[in-house]
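Here the structure comes first, spelled out in structure tokens, and everything after it is commentary.
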Amino acid sequence: MTARTLQGFMELLPQEQIVFNHMKSVIAHTYELFGFAPLDTPVLELAEVLLSKSGGETEKQIYEFKKGDTDIAMRFDLTVPLAKYIALYNNDLTFPFKRYQIGKVYRGERPQKGRFREFYQCDIDIIDRDELNIVYDAEVLAVIYTVFSKLNLPKFKIYINNRKLLGGFLQSLDIADKTVEVLRLVDKIKKIPEEAFLGELSDLGLAEDKKQKLLKFIKINGLNNEIITQLENLHIENENFVAGLDELKTVIAQAQNLGLPAENIQIDLSITRGLDYYTGTVYETFFDDYPQFGSVCSGGRYDNLSSVFMDKKFPGVGISIGLTRLFDQLRANNLLPIKELTPNKALIIPQDDAFVNEAVNLAGKLRLQNIAVDVMYRQCKFKKKMEYANKIGVPFLIIIGEEEAKSGMFACKNMTSGEQKTLKLDELIETLK
RNA sequence: GCGGAUGUAGCUCAGUUGGUUAGAGCGCUGGUUUGUGGUACCAGAUGUCGUGAGUUCGAAUCUCAUCAUCCGCCCCA
């Protein structure tokens with residue numbers, strides 16, 4: 001029997017897991033800073049619940065199995081479970097409802113670079129009854145901005161667009177029946193050459209002038225305000241287009257009002273998002289210098305979250321950070337501060353077995369002071385003990401030997417500076433706190 | 001689901017036109033006299049060369065099959 005892990009499942013060494021957990025907790029704290037309440041739903045759901053919304057592609061990727069007579073599936077995102085949750089508990093919830101959820105999701109796809117079969121999603125969503133104010137779309141930008149700033153990551157940009165714009169534009173060209181296919185193609189424009197793009201549009205049966213108009217439209221660029229002016233100057237009368245433009249203007253204006261730096265937010269008319277339940281604002285986040293990472297945080301606004309489960313209307317807006325992919329890509333590019341192997345602040349080293357009593361006693365006292373410590377019980381040469389301390393990267397060493405036992409003091413060594421002091425208990429606590 | 005590549009120590013890889021006991025670096029273990037580390041030096045362990053079959057006097061090297069991994073496409077975090 002050889003030990004191995006299923007492909008597409010990430011396992012980390014302690015020094016990596018510490019960084020991963022730190023990132024997870026920064027994300028959770030930031031979400032709470034913006035007033036999102038925690039939510040946890042089961043990894044397993046009834047297959048009929050999870051499959052209720054999905055189209056062909058996601059359905060193929062869902063892990064599904066039978067236990068007895070029950071068809072069970074593993075969640076492939078956190079949005080469908082949220083929809084179920086809202087449908088079940090909307091009478092007990094207070095709206096606007098803001099929740100965050102950080103959990104593992106499962107997709108049985110072919111793993112490739114940055115693709116996992118089990119991965120963490122860190123979601124936020126704001127849901128309201130009947131109608132959700134557009135300013136929330138700007139708040140979502142603020143959350144993304146704050147999270148990525150606090151994580152201390154490379155320069156990033158949040159790209160936004162509004163689906164009503166392109167939808168309305170296609171209506172104005174009288175090709176609204178091709179919307180889904182066109183959106184999918186537009187989403188690929190950065191990946192494929194222009195001729196290929198135009199070729200595929202021809203395959204959809206688009207006339208030459210419409211192809212050119214569409215291409216010109218999605219290539220509109222510049223500063224956010226310049227793009228908005230250009231869109232206004234198109235003078236398109238379509239109702240959807242006008243509404244989309246209006247929403248986009250509000251989101252940009254409120255983002256500015258929230259104090260978000262202009263260089264981190266960019267309107268990009270080619271961002272559409274594949275998922276067809278988005279109806280308004282859409283977001284994607286990329287690192288300026290690492291576009292190959294793909295989008296590390298994306299989402300958008302949807303009109304009706306729980307429509308498959310009930311008649312009531314619950315519009316919402318939300319995003320998801322793919323933490324597993326984000327971590328994996330950062331690690332592969334040496335962009336993570338991976339050092340410590342231990343959450344301990346200090347390691348207590350009794351010189352030999354004669355001083356174990358003092359060491360145990362001290363460990364108890366320090367832990368009562370909320371200081372994480374460990375004792376090196378394994379007896380070996382002092383040099384080995386030092387090597388252990390080095391390897392786990394513990395910041396302080398407390399040495400207890402004959403001198404210390406006699407004086408009731410403790411030798412405390414700072415492992416970074418090499419400086420060593422003999423301290424009384426209260427001084428020691430002060431140093432370690 | 002479709003297409004392309006690769007499998008040699010824990011990791012990254014070398015291995016010449018098939019030729020004796022398969023190598024390097026990093027890591028790991030131990031040592032450089034027994035209360036002070038990260039460096040340096042010395043020594044050591046580790047492989048059915050992915051698996052199975054075939055060709056051959058002889059296979060890590062050639063052929064076939066199989067499994068696994070990686071990379072595109074699709075879709076997406």
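We name chains A, B, ... by the order of the sequence lines, and we start the count at 1 in each one.
Taking 3.5 Å as the limit, the base of B/G35 and the side chain of A/Gln351 contain a donor-acceptor pair of atoms between them.
At B/G31, one or more side-chain N or O atoms of A/Lys384 fall inside 4.0 Å of OP1 or OP2 (strictly under the cut-off). Between A/Gln61 and B/G1 there is no side-chain polar atom (N or O) within less than 4.0 angstrom of OP1 or OP2. Taking side-chain N and O atoms only, A/Lys383 has no distance below 4.0 Å to OP1 or OP2 of B/G31. Between A/Lys188 and the phosphate of B/C76, there is no side-chain N or O to OP1/OP2 separation shorter than 4.0 Å. For A/Lys104, no side-chain nitrogen or oxygen approaches OP1 or OP2 of B/A77 to under 4.0 Å. Residue A/Arg184 has a polar side-chain atom (N or O) positioned under 4.0 Å from OP1 or OP2 of B/C75. Remark: A/Gln121 is not in phosphate contact with B/A77, judged by side-chain N or O atoms under 4.0 Å from OP1 or OP2.
Other residues, nucleotides and ligands contribute at most 12 non-hydrogen atoms within 6.0 Å of the OH atom of A/Tyr388.
Distance NZ (A/Lys381) to C1' (B/G31): 7 Å, rounded to an integer number of Å.
Both key distances under 3.5 Å define a Watson-Crick or G-U pair, and stretches of 3 or more such consecutive pairs in RNA chain B run B:1-7 with B:67-73, B:10-13 with B:23-26, B:28-32 with B:40-44, B:50-54 with B:62-66.
Taking the ring centre of A/Phe36 as origin, the terminal cationic atom of A/Lys98 falls inside the region bounded by 6.0 Å and 45° from the ring axis.
Heavy atoms of A/Gly294 sit nowhere under 4.0 angstrom from any nucleic acid atom.
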